[in-house]
Amino acid sequence: MENLHPLGLYLLQEIGARNIGEATTTELSKAHQPEEFSESQKIARRGGSYAGQVRQDIEKDTGRPVITSQNAAQLNAVVIDMIESVVETEEPDTDENK
């Protein structure tokens, strides 16, 4: 990770925290097998709280926020570029000479 741009590190930390939340929510759902939507919501909130705690711990330890408006905007631009490149590759070729 020596050559990783600081933005990339923050994005990795945020993605890592989200992955922890998602994985925890999945495991909690398997363990508790919610039957109603409200039960699923509670489990999802618990999983999200784990992700939030990880993010807060990272921020406390580094003294910097994991996500800022600047790197969130940059992440948004990266996602938009990825989506647009997929759309461009999936568009059918049109032969204007037909």
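Keep in mind it's a predicted model, so treat the numbers as computed, not measured. What you see below is based on every heavy atom in this structure, not just the backbone, and it leaves out hydrogens, waters and symmetry mates.
Counting only residues at least two apart or in different chains, side chain to side chain donor-acceptor pair (under 3.5 Å) contacts with residues 43-53 comprise Q53-D57.
Applying the salt bridge (charged side-chain N to carboxylate O under 4.0 Å, His left out) criterion to K30, with sequence neighbours excluded, gives E27. Remark: Q56 pairs with no residue by the side-chain hydrogen bond (donor to acceptor under 3.5 Å, both in side chains) rule, at least two apart or across chains. Among residues two or more places apart in sequence or in another chain, the salt bridge (charged side-chain N to carboxylate O under 4.0 Å, His left out) test is passed with E39 by none.
Scanning all heavy atoms of the two residues, the minimum distance from P34 to S40 falls at CG-OG, 3.5 Å. Here the closest heavy-atom approach between residue I43 and residue T25 is recorded as CG2-O, 3.7 Å.
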